[in-house]
Amino acid sequence: MTPTAPAPAPVTEATGADIRVRFCPSPTGTPHMGMVRTALFNWAHARHHGGKLIFRIEDTDAARDSEESYHQLLDAMRWLGIDWDEGVEVGGPHGPYRQSQRGDIYQDVIAKLREGGHIYESYSTAEEIAERHRAAGRDPQLGYDGSDRDLTEEQKAAFRAEGREPVWRLRMPDEDITFEDMVRGEITFKAGATPDFVVVRANGQPLYTLVNPVDDALMGITHVLRGEDLLSSTPRQIALYRALISVGVTDVIPRFGHLPYVLGEGSKKLSKRDPESNLFLYREQGFLPEGMVNYLALLGWGYSADQDVFSREEMVERFDASDVNPNPARVDFKKATAINADHMRLLDPAEFTERMVPHLQEAGVVSDPVTSEQHALLVAATPLVQPRMNLLGEAPDMLRFLFVADADLVVEDDALKKLGDDPVAVLDRAITEVETVPADAFAAATLEEVLRAAIVEDMGIKPRLAFGPLRSAISGRRISPPLFESMELLGRPSSLARLRALRDRLAAAAEA
RNA sequence: GCCCCCAUCGUCUAGCGGCCCAGGACACUGGCCUUUCACGCCGGCGACACGGGUUCGAAUCCCGUUGGGGGUACCA
């Protein structure tokens, strides 16, 4: 029953196509930035090396896990274009890929560890442990003291007679544990700093501490890239791996790499409740998956010293875990938006049009499905808005005026301010001029030429004040796509109707 | 308490001993362009936490201090 001598620790030498990484979230809550960043880096690592990404679900905590959360995880992965080779939904040779369905497998491994003497039953309560530390003059906050390590059968029977059910703990080796972290280099944990930890609950159910390394071992995972929060559990996992090797469950230890924390704008760790941590909020605001992936990659990694806008393919081409920065990254919504804006400009115009549609439908600007007239208008309007939007969510405000009936156009208060000394005269003149433009010549260039000559040159009104009232009349807003192009899209009858409507309204207001 | 990680402009970072009195991006800011708003272009502000070493030479290596963060659960 004595533990086996410290096993040598053969670390994986897998390279290239033999590399197997995994993403193994717990389905609790909405996907957040740190989690998704971890998925992305694992994916990039697999794709860069031509290896495999395994997607496993760690749903061992029935109280917190939810099916809804599971589906959100799938949604997030698919939206971002992070595909996996084995795992939930797609299957594979090491399934099932949901831990809630792997109970028998764990019991089998637990039996082997028990027979090998690597885990032992422990009856101490937290209070008893603290009390023993106090009695010995040690800090009561110290962890488990190992006092159940060598219980005799009589002692165990006595505890059971008291009605106590034991948990099972792993025997930690009494030596320093060193490993080469892929992002941080060599890390050593001192002997004795990590107490024997619980791997099986008193009710017989295995804990994350057991199940996570066991599945990694069984699934042949060669590289573990995960959050820094798991750094200090690495010595425990290495110890467990050694035990698994000695009982023949696996034969190598994976390499580990710990990704930096993702912090909120304050400085505090990004909690699941912070809006900026919620991936779907970015999507709702109109982030492109391309922009999101790019920004996520920047949370700890960089493409090059002087280029931070890049494609998914470029990331795969260059990604290397050893280039990941070890210090924590803060989420910066403005920077994320700026990165997204660049991807908006990079999009093929036809594609840009399609990407706007869901946001326009959501806001009720266009119908679902989009009519062919609406679609034609969107296609024509795309070049006007593509260079001036940062987020797809800006589309409704930008384009609404093109889709409402003239009578329903709302001229915002803001658009009624700063219109110059005599906006009625400006509108009157504009109406007169537009009326002279024949329907078949109703194009942006002509409109600009005619209106500029009349209002700017003839009336002597500065361009800003000459076109401001027209913009308000046409779009109902102070800020809009370019005026003449907008008029062209709207057409002659609508343009005139809107100019007249605002003219009449302002004239009436002046009377009163 | 103990263990572990981290430390360059406000933020993300480049830098892995001389190319750096520190480069890029976002933000901020001055200007140009301009029918609004954007885009684009030109310019500005702005950092090696501190103290010791090592070295001909340190942002880069070592030690300490300080400051952040995490772990120390029958959560994951």
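Letters A, B, ... mirror the listed sequences (proteins, then strands); counts begin at 1. All values below come from the heavy atoms of this structure, side chains included, with hydrogens, waters and symmetry mates left out.
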Inset, instruction - With the side chain of A:I479 defined as its heavy atoms from C-beta on, choose the nearest nucleotide among B:rC4, B:rC75, B:rC37. - result: B:rC37
Inset, instruction - Remember a base hit wins even if backbone is also touched, and classify A:D139 as base, sugar-phosphate or nothing at under 4.0 Å, heavy atoms. - result: base
Inset, instruction - Report the distance from atom CZ of A:F333 to atom C1' of B:rC26, rounded to the nearest whole Å. - result: 13 Å
Inset, instruction - Nearest whole angstrom, please: distance from the P of B:rG24 to the CZ of A:F310. - result: 19 Å
Inset, instruction - Measure the distance from CG on A:L299 to C1' on B:rA25 and round it to the nearest whole Å. - result: 14 Å
Inset, instruction - Counting heavy atoms from C-beta on, name the nucleotide in B:rU35, B:rC6, B:rG40 closest to the side chain of A:E448. - result: B:rU35
Legend entry - Nucleotide of B:rG1, B:rU35, B:rG24 approaching A:Q141 most closely (side-chain heavy atoms): B:rG1
Inset, instruction - May I ask you to say what A:F197 touches in the nucleic acid, namely base, sugar-phosphate or nothing, with a heavy-atom cut-off under 4.0 Å? - result: nothing
Inset, instruction - Using a cut-off of strictly less than 4.0 Å, decide whether A:K190 has a side-chain nitrogen or oxygen near OP1 or OP2 of B:rC4. - result: yes
Legend entry - Ionic contact status for A:D145 with A:R132, cut-off 4.0 Å: yes
Legend entry - Atom P, compared across B:rU55 and B:rC20: separation rounded to whole Å: 26 Å
Legend entry - Between B:rU60 and B:rA49 - C1' atom distance, rounded Å: 16 Å
Legend entry - Atom-to-atom span, OH of A:Y303 to C1' of B:rC12 - whole angstrom: 18 Å
Inset, instruction - Would you classify A:A305 as touching base, sugar-phosphate or nothing, given that sugar-phosphate means primed atoms plus P, OP1 and OP2, and contacts are heavy atoms under 4.0 Å? - result: base
Legend entry - Same-atom distance (P) from B:rG71 to B:rA59, integer angstrom: 35 Å
Inset, instruction - For A:T60, answer base if it contacts any base atom (sugar-phosphate contacts may also be present), sugar-phosphate if it contacts only those atoms, and nothing otherwise; contact means non-hydrogen atoms under 4.0 Å. - result: sugar-phosphate
Legend entry - Phosphate OP1/OP2 of B:rA76 contacted by A:T209 side-chain N/O (<4.0 Å): no
Legend entry - Residue A:R64, side-chain heavy atoms: nucleotide from B:rG10, B:rC6, B:rA76 that is nearest: B:rA76
Legend entry - Given B:rC5, B:rU11, B:rC12, the nucleotide with the shortest approach to the side chain of A:A329: B:rC12
Inset, instruction - Just call it for A:L142: base, sugar-phosphate, or nothing, with non-hydrogen atoms closer than 4.0 Å on any strand. - result: base
Inset, instruction - With C1' as the reference atom in both, quote the distance from B:rU66 to B:rG51 in angstrom, rounded to an integer. - result: 10 Å
Legend entry - Distance between C1' atoms of B:rC74 and B:rG15 (Å, rounded): 48 Å
Inset, instruction - Select base, sugar-phosphate, or nothing to describe what A:L207 touches, counting heavy atoms under 4.0 Å on all strands. - result: sugar-phosphate
Inset, instruction - Indicate, yes or no, whether a donor-acceptor pair under 3.5 Å links the base of B:rA25 to the side chain of A:K335. - result: yes
Inset, instruction - Check every strand shown and say whether A:P482 touches a base, only sugar-phosphate, or nothing at a heavy-atom separation below 4.0 Å. - result: base
Inset, instruction - Tell me which nucleotide among B:rC5, B:rU35, B:rA76 gets nearest to the side chain of A:R184. - result: B:rC5
Legend entry - Nucleotide B:rU35, atom P - distance to CD of A:E449 in whole Å: 15 Å
Legend entry - salt bridge (Lys or Arg N to Asp or Glu O under 4.0 Å) partners of A:D181, counting only residues at least two apart: none
Legend entry - A:E121 and its salt bridge (Lys or Arg N to Asp or Glu O under 4.0 Å) partner, picked from A:R114, A:R160, A:R149, A:R171: A:R160
Legend entry - Residue A:V167, side-chain atoms from C-beta onward, closest of B:rU72, B:rC74, B:rG24: B:rC74
Legend entry - Pair A:R312 + A:E314, salt bridge at N-O below 4.0 Å: no
Inset, instruction - For B:rA58 and B:rC21, measure between their P atoms and round to the nearest Å. - result: 12 Å
Legend entry - Proximity to the side chain of A:Y261 - top-ranked nucleotide from B:rG69, B:rA76, B:rC4: B:rG69
Inset, instruction - Grab the CG-P distance between A:D196 and B:rG71 for me, whole Å please. - result: 21 Å
Legend entry - d(CZ, A:R169; P, B:rC74) in whole Å: 6 Å
Inset, instruction - Kindly point out which of B:rC6, B:rU36, B:rC5 is positioned nearest to the side chain of A:S480? - result: B:rU36
Inset, instruction - Look only at the side chain of A:D148 and the backbone of A:S124, and say whether a donor-acceptor pair between them is shorter than 3.5 Å. - result: yes
Inset, instruction - Kindly say whether A:A415 contributes a backbone atom to a donor-acceptor pair with the side chain of A:S472 at under 3.5 angstrom? - result: yes
Inset, instruction - Check for a donor-acceptor pair, side chain of A:R169 on one end and backbone N or O of A:D196 on the other, with a separation under 3.5 Å. - result: yes
Legend entry - Nearest-Å distance once atom C1' is located in both B:rC32 and B:rG46: 24 Å
Inset, instruction - Write down the distance between CD1 (A:I238) and C1' (B:rC4), rounded to a whole number of angstrom. - result: 13 Å
Inset, instruction - Taking the six-membered ring for Trp and the full ring for Phe, Tyr or His, determine whether the centres of A:Y303 and A:F319 are under 6.0 Å apart. - result: no
Inset, instruction - For nucleotides B:rU54 and B:rG10, find the distance between their P atoms and express it as a whole number of Å. - result: 32 Å
Inset, instruction - Remember a base hit wins even if backbone is also touched, and classify A:E394 as base, sugar-phosphate or nothing at under 4.0 Å, heavy atoms. - result: nothing
Legend entry - B:rU35 phosphate, OP1 or OP2, under 4.0 Å from A:R452 side-chain N/O: yes
Inset, instruction - Determine: side-chain N/O of A:R330 to OP1/OP2 of B:rC12, distance under 4.0 Å, yes or no. - result: yes
Inset, instruction - Select one nucleotide: of B:rA76, B:rC26, B:rC74, the one nearest the side-chain heavy atoms of A:D332. - result: B:rC26
Inset, instruction - Answer with base, sugar-phosphate or nothing: what part of the nucleic acid does A:S233 contact at a heavy-atom distance below 4.0 Å? - result: nothing
Inset, instruction - Respond yes when some side-chain nitrogen or oxygen of A:R471 is under 4.0 Å from OP1 or OP2 of B:rC37, and no when none is. - result: no
